[in-house]
Amino acid sequence: MKITQNKILLWIFVVSTLINGIVPEAIGWGVLFILFYNHRRYRKIETYSTYSFENTLLLVLIIIFYIVQIAELHLSTSESIRLYGITKTVVAFVLVRILLGPMISQDDIIADIFPLMLIINIYALVVILLKGDAATVLGGSRNYIGAIDVVLIPYVLRFMPLEKKKSRAVWLIVTFALTIFSGSRSMLLAAIIAVAATAILREGLQRKIKYMILFVIVALLAVMFGGIFNNVGGFSRAFSVFNGFSDQARSDLFDSFVVQYGQYSDLEKLIGSGNNLIVWRGAPPHNFALEMLLCFGKIGLALFLVVTIITAIRFLKHKKKYTCLIIGLAIMINLVQPFITTGYLFQVMMSIVCLTIYTKE
């Protein structure tokens with residue numbers, strides 16, 4: 001494995017996103033600006049594209065909205081810091097496109113990050129198998145690493161360099177094991193959909209058949225070993241998705257959201273409260289639209305949806321079907337998970353995968 005300066009910097013950045021605190025935050029920003037500066041210096045990029053201007057303008061509007069929220073809602077320092085973290089996570093795609101976009105358009109930086117992601121997956125899997133509880137795994141959620149893996153699946157199956165066959169095989173095995181034993185029903189379903197959709201979008205009948213055979217083999221192995229691993233980790237809970245997807249906990253969260261949002265003032269309904277949590281539960285509603293309404297109000301949610309829809313339409317216009325698949329997977333996951341507002345690494349990796357596949361399609 002060749003060690004380069006960019007690879008080291010990217011690894012430092014990824015690790016910084018998994019640690020809370022001022023120092024990791026400063027390191028993360030510092031690395032992003034170093035990568036941006038180095039790439040522009042060595043590549044001598046002199047043009048400023050229309051997309052760059054649009055993203056910069058959008059970022060300025062978001063900063064203004066953030067300042068307005070602090071001023072109008074009279075947020076304290078701690079509340080402003082929390083709002084900063086949520087805002088940064090929501091707009092990660094814009095940040096990645098501005099700071100890493102030129103690099104991604106010329107270099108496959110996922111290949112540099114991939115070994116670290118494999119290490120993180122193996123670590124998370126070991127913790128789950130030994131402790132049976134993934135709640136304390138990196139990211140603070142048993143679903144966090146699995147969600148990142150799902151958006152990586154189309155890249156790994158379709159765009160990963162051919163010389164990485166062994167890495168691809170190991171990653172797929174570890175990823176599906178992690179998804180199954182973490183007990184996440186939504187991640188297992190999303191992973192299945194990601195594999196199936198990648199196969200369907202692949203050109204050529206022979207390639208489609210190959211992917212579907214792989215999918216069937218994995219499914220059969222999971223069923224065969226079900227009896228053995230039924231009590232390990234969250235195996236049985238993950239497979240309960242095939243018996244139904246009802247979840248009383250999420251229904252309770254939705255009911256709590258309705259009560260809390262109903263108590264908001266007219267101003268809060270318009271620009272949000274600056275917080276994505278259901279106060280008396282201390283948890284987000286696990287649905288990106290509801291979280292956006294709580295934190296950013298109707299204006300914030302509308303802006304997010306408009307930008308997302310316009311971006312997807314542009315990708316479709318340029319026939320970037322796999323790129324649109326990544327956006328679809330991210331939206332699907334976050335209908336039941338809170339990672340658009342709380343999962344910075346998820347948002348960053350989703351953005352990098354989107355832009356990388358965009359350049360490869």
Side-chain angles (χ1 to χ4, degrees), residues 14 17-18 20 28 55 58-59 61-63 65-66 69 82-98 100 138-154 184-187 189-191 193-194 247 250 253-254 256-257 260-261 271-278 281-312 315 323-355:
V14 170
T17 67
L18 294 169
N20 295 322
N55 282 292
L58 179 60
L59 187 58
L61 291 175
I62 291 166
I63 292 172
F65 187 77
Y66 171 71
Q69 282 187 291
R82 177 171 179 80
L83 177 59
Y84 154 77
I86 297 171
T87 303
K88 180 190 70 171
T89 300
V90 172
V91 303
F93 186 89
V94 179
L95 298 174
V96 168
R97 198 165 192 180
I98 293 173
L100 297 180
L138 298 173
S141 168
R142 62 186 175 194
N143 306 326
Y144 190 44
I145 304 302
I148 297 171
D149 290 338
V150 168
V151 297
L152 275 168
I153 286 175
S184 174
R185 298 177 298 169
S186 57
M187 291 307 104
L189 184 60
I193 291 173
D247 191 323
R250 281 182 171 78
L253 284 172
F254 177 78
S256 298
F257 158 80
Q260 179 168 312
Y261 189 73
I271 66 171
S273 67
N275 196 329
N276 67 333
L277 297 180
I278 296 172
R281 288 183 173 272
H286 283 65
N287 178 292
F288 78 91
L290 304 184
E291 291 158 22
M292 295 288 289
L293 276 174
L294 287 178
C295 191
F296 303 107
K298 295 176 182 177
I299 292 177
L301 176 60
L303 179 61
F304 178 83
L305 292 176
V306 167
V307 172
T308 301
I309 292 170
I310 290 175
T311 302
F315 289 157
T323 311
C324 291
L325 172 60
I326 301 301
I327 294 177
L329 289 171
I331 294 297
M332 180 183 68
I333 289 170
N334 285 282
L335 287 173
V336 291
Q337 298 293 341
F339 302 138
I340 282 181
T341 58
T342 64
Y344 184 49
L345 181 57
F346 170 84
Q347 286 283 79
V348 167
M349 287 304 300
M350 183 275 295
S351 305
I352 291 174
V353 173
C354 263
L355 297 176

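Please read all numbers here as calculations on a predicted model, not as lab measurements. Residue numbers start at 1 and run along the sequence shown.
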[X] vs [Y] side-chain heavy atoms within contact, under 4.5 Å:
X    : Y    : answer
F288 : L305 : yes
L58  : F93  : no
V90  : M292 : yes

Heavy-atom closest contact ([X] atom, [Y] atom, distance):
X    : Y    : value
N55  : V94  : O-CG1, 3.5 Å
F296 : F65  : O-CZ, 3.5 Å
Q69  : C295 : NE2-O, 2.9 Å
A147 : I333 : O-CD1, 3.9 Å
L325 : P154 : CD2-CG, 3.8 Å
L329 : A190 : CD2-O, 4.1 Å

Separation between [atom1] of [X] and [atom2] of [Y], rounded to the nearest 0.5 Å:
X    : Y    : atom1 : atom2 : answer
M349 : D149 : CE    : CG    : 9.0 Å
M332 : L335 : CE    : CG    : 8.5 Å
L253 : N287 : CG    : CG    : 10.0 Å
N275 : R82  : CG    : CZ    : 4.5 Å
R281 : F257 : CZ    : CZ    : 14.0 Å

Given 3.5 Å as the limit, does a donor-acceptor pair link the side chain of [X] with the main chain of [Y], or not?
X    : Y    : result
Q347 : F339 : no
Y344 : G85  : no
Y66  : L83  : no
T89  : G343 : no

Next on the checklist: Just checking Y84: does its OH atom have more than 12 heavy atoms from other residues, nucleotides or ligands closer to it than 6.0 angstrom?
Outcome noted: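 Yes, enclosed.
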Checklist outcome for this item: Exactly one candidate in N334, N276, T341 meets side chain to side chain donor-acceptor pair (under 3.5 Å) with E291; the answer is T341
Next on the checklist: Out of the candidates V307, V306, T308, only one should pair with F304 under the side-chain contact (heavy atoms from CB on, under 4.5 Å) rule; please name it.
Outcome noted: T308
Item to check | Qualifying residue, where the test is side-chain contact (heavy atoms from CB on, under 4.5 Å) with P284 and the options are L294, L277, I278 | outcome: L277
Next on the checklist: Please evaluate residues F254 and L290 with respect to the criterion side-chain contact (heavy atoms from CB on, under 4.5 Å), reporting the C-alpha separation (whole Å), side-chain torsions for both, the decisive distance (0.1 Å), and the verdict.
Outcome noted: CA-CA 8 Å; F254 177 78; L290 304 184; 3.6 Å; yes
Checklist entry - Run the side-chain contact (heavy atoms from CB on, under 4.5 Å) check on V151 and F346 step by step: do they pass? => result CA-CA 9 Å; V151 297; F346 170 84; 4.0 Å; yes
